[in-house]
Amino acid sequence: MKFIQIMCLLCCCIAHTTTFAQQVKELLIAGTIVDKNREPISNVSVYIKDKPSVGTSTSQAGKFSIRANYGDKIVFSYVGYNAVEHLAVETNDQLRISLMDNSTTMDEVMVVGLGNVQRKISWCHIQTEQW
(Lines give C-alpha, C1' and ligand atoms only; values in the text may rest on other atoms or scores of the structure.)
Protein backbone atom coordinates (compact mmCIF):
# COMPACT_ATOMS: atom_id res chain seq x y z
CA MET A 1 0.00 0.00 0.00
CA LYS A 2 2.82 2.37 0.87
CA PHE A 3 4.47 1.57 -2.49
CA ILE A 4 1.32 2.67 -4.35
CA GLN A 5 1.20 5.96 -2.42
CA ILE A 6 4.85 6.69 -3.21
CA MET A 7 4.31 5.93 -6.91
CA CYS A 8 1.25 8.21 -7.05
CA LEU A 9 3.19 11.01 -5.33
CA LEU A 10 6.12 10.53 -7.72
CA CYS A 11 3.82 10.69 -10.77
CA CYS A 12 2.21 13.89 -9.48
CA CYS A 13 5.64 15.51 -8.95
CA ILE A 14 6.82 14.57 -12.45
CA ALA A 15 3.63 15.87 -14.08
CA HIS A 16 3.88 19.11 -12.10
CA THR A 17 7.50 19.81 -13.08
CA THR A 18 6.89 19.16 -16.81
CA THR A 19 3.98 21.63 -16.69
CA PHE A 20 6.30 24.35 -15.40
CA ALA A 21 9.01 23.46 -17.94
CA GLN A 22 6.62 23.97 -20.84
CA GLN A 23 5.62 27.48 -19.80
CA VAL A 24 7.57 29.94 -21.95
CA LYS A 25 7.73 33.65 -21.32
CA GLU A 26 6.35 35.58 -24.30
CA LEU A 27 7.82 39.01 -24.98
CA LEU A 28 6.66 41.96 -27.07
CA ILE A 29 9.46 43.52 -29.08
CA ALA A 30 8.71 46.77 -30.92
CA GLY A 31 10.67 49.72 -32.23
CA THR A 32 12.08 51.48 -35.26
CA ILE A 33 14.59 50.46 -37.93
CA VAL A 34 16.80 53.19 -39.39
CA ASP A 35 19.75 53.49 -41.78
CA LYS A 36 23.15 55.10 -41.08
CA ASN A 37 21.62 58.58 -41.63
CA ARG A 38 18.94 57.80 -39.00
CA GLU A 39 16.22 57.76 -41.67
CA PRO A 40 13.51 55.11 -41.17
CA ILE A 41 13.51 52.15 -43.57
CA SER A 42 10.17 50.73 -44.69
CA ASN A 43 9.39 47.12 -45.64
CA VAL A 44 12.29 45.58 -43.68
CA SER A 45 11.73 41.86 -43.02
CA VAL A 46 11.45 41.12 -39.30
CA TYR A 47 11.24 37.43 -38.38
CA ILE A 48 12.24 34.92 -35.73
CA LYS A 49 15.25 32.81 -36.68
CA ASP A 50 14.40 29.11 -37.19
CA LYS A 51 10.66 29.97 -37.24
CA PRO A 52 9.99 31.23 -40.77
CA SER A 53 6.22 31.39 -40.26
CA VAL A 54 6.55 34.03 -37.52
CA GLY A 55 7.40 37.42 -38.95
CA THR A 56 6.33 40.86 -40.07
CA SER A 57 7.68 43.88 -41.95
CA THR A 58 8.16 47.51 -41.02
CA SER A 59 5.69 50.28 -41.79
CA GLN A 60 6.41 53.38 -43.89
CA ALA A 61 7.76 55.03 -40.72
CA GLY A 62 10.12 52.09 -40.05
CA LYS A 63 8.04 50.83 -37.09
CA PHE A 64 7.64 47.13 -36.26
CA SER A 65 6.11 44.95 -33.55
CA ILE A 66 6.58 41.21 -33.04
CA ARG A 67 5.90 38.68 -30.28
CA ALA A 68 8.77 36.35 -29.42
CA ASN A 69 9.61 33.81 -26.75
CA TYR A 70 12.41 34.37 -24.27
CA GLY A 71 15.72 33.47 -25.97
CA ASP A 72 14.48 33.75 -29.58
CA LYS A 73 16.71 35.52 -32.09
CA ILE A 74 14.92 38.19 -34.11
CA VAL A 75 16.41 38.85 -37.56
CA PHE A 76 16.13 42.18 -39.40
CA SER A 77 17.01 41.99 -43.10
CA TYR A 78 16.64 44.20 -46.15
CA VAL A 79 18.14 44.10 -49.65
CA GLY A 80 21.37 46.10 -49.81
CA TYR A 81 21.90 46.05 -46.03
CA ASN A 82 23.63 43.64 -43.66
CA ALA A 83 21.20 41.55 -41.59
CA VAL A 84 21.07 42.22 -37.84
CA GLU A 85 20.09 39.73 -35.11
CA HIS A 86 18.63 40.69 -31.73
CA LEU A 87 18.31 38.28 -28.78
CA ALA A 88 14.91 38.58 -27.06
CA VAL A 89 15.48 38.56 -23.30
CA GLU A 90 13.07 41.27 -22.13
CA THR A 91 10.04 43.17 -23.36
CA ASN A 92 11.11 46.31 -25.19
CA ASP A 93 8.81 48.68 -27.07
CA GLN A 94 11.46 51.32 -27.93
CA LEU A 95 14.10 49.22 -29.66
CA ARG A 96 16.12 51.10 -32.29
CA ILE A 97 17.93 48.98 -34.88
CA SER A 98 20.41 50.57 -37.27
CA LEU A 99 21.10 48.71 -40.53
CA MET A 100 24.43 49.25 -42.27
CA ASP A 101 24.91 49.32 -46.05
CA ASN A 102 26.21 46.14 -47.63
CA SER A 103 29.45 47.28 -49.27
CA THR A 104 29.56 44.43 -51.78
CA THR A 105 27.99 45.03 -55.16
CA MET A 106 26.32 42.57 -57.47
CA ASP A 107 28.22 41.52 -60.57
CA GLU A 108 25.42 39.67 -62.25
CA VAL A 109 21.65 39.33 -61.92
CA MET A 110 19.69 36.33 -63.18
CA VAL A 111 15.94 36.57 -63.74
CA VAL A 112 14.05 33.29 -63.87
CA GLY A 113 10.51 33.06 -65.19
CA LEU A 114 8.63 29.91 -64.35
CA GLY A 115 6.24 28.29 -66.79
CA ASN A 116 7.18 30.27 -69.90
CA VAL A 117 9.24 28.74 -72.67
CA GLN A 118 10.79 30.95 -75.31
CA ARG A 119 13.01 30.15 -78.25
CA LYS A 120 15.56 32.47 -79.67
CA ILE A 121 15.14 32.67 -83.44
CA SER A 122 17.94 34.02 -85.54
CA TRP A 123 16.42 36.27 -88.20
CA CYS A 124 19.55 36.42 -90.29
CA HIS A 125 19.15 32.77 -91.41
CA ILE A 126 15.69 33.24 -92.87
CA GLN A 127 15.76 33.44 -96.65
CA THR A 128 13.06 35.19 -98.57
CA GLU A 129 11.91 34.32 -102.02
CA GLN A 130 12.41 36.94 -104.65
CA TRP A 131 9.81 37.46 -107.36
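From a predicted model like this one, the values you see are computed outputs, not experimental measurements.
Val46 and Val34 fall into different hydrophobic clusters, defined by Ile, Leu, Val, Met, Phe, Trp and Tyr side-chain heavy atoms under 4.5 Å apart, directly or through other members.
Counting heavy atoms from C-beta on, the side chains of Arg96 and Arg38 come closer than 4.5 Å. Residues Asp35 and Leu99 fail the side-chain proximity criterion, which asks for heavy atoms closer than 4.5 Å. A 4.5 Å side-chain heavy-atom check between Ser45 and Ser57 finds every atom pair outside the cut-off. Inter-residue side-chain proximity for His86 and Lys73 is flagged as unmet; no heavy-atom pair is nearer than 4.5 Å.
The shortest non-hydrogen separation linking Thr56 to Ser65 is CG2-O, 3.7 Å. In terms of heavy-atom proximity, Arg67 sits nearest to Leu28 at NH1-CB, 4.1 Å. Between Val44 and Tyr78, the shortest heavy-atom contact is CA-CD1, 3.9 Å. In terms of heavy-atom proximity, Thr32 sits nearest to Ala61 at CG2-O, 3.9 Å. Minimum interatomic distance between Ile48 and Ile66 (heavy atoms only, all atoms of both residues): CG1-CD1, 4.0 Å. Asn82 approaches Asp101 most closely through the heavy-atom pair ND2-O, 3.7 Å.
Through side-chain heavy atoms spaced under 4.5 Å, either directly or across other Ile, Leu, Val, Met, Phe, Trp or Tyr residues, Val75 is tied to Tyr47.
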Exercise for the section: Quick one: do Phe64 and Phe76 satisfy ring pair (Phe, Tyr, Trp, His ring centres under 6.0 Å)? Show the steps, please. Expected result: CA-CA 10 Å; Phe64 72 94; Phe76 305 92; 5.2 Å; yes
Problem - Check against side-chain contact (heavy atoms from CB on, under 4.5 Å), Ile29 and Thr91 - result: CA-CA 6 Å; Ile29 309 295; Thr91 296; 5.8 Å; no
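Atom-to-atom distance recorded for Ile41:CD1 and Ser98:OG is 7.5 Å, nearest 0.5 angstrom. Taken to the nearest 0.5 Å, the CG atom of Asp93 stands 9.5 Å off from the CG atom of Leu95. Rounding to the nearest 0.5 angstrom, the gap separating the OH atom in Tyr70 from the CG atom in Leu87 is 7.5 Å.
Sorted by first and then second residue, the pairs that involve residues 47-57 and meet salt bridge (charged side-chain N to carboxylate O under 4.0 Å, His left out), not counting sequence neighbours, are Lys49-Glu85, Lys51-Asp72.
A donor-acceptor distance shorter than 3.5 angstrom exists from the side chain of Thr58 to the backbone of Asn43, with no hydrogens or angles considered. Judged by distance alone, the side chain of Asn37 and the main-chain N or O of Glu39 form no donor-acceptor pair under 3.5 Å.
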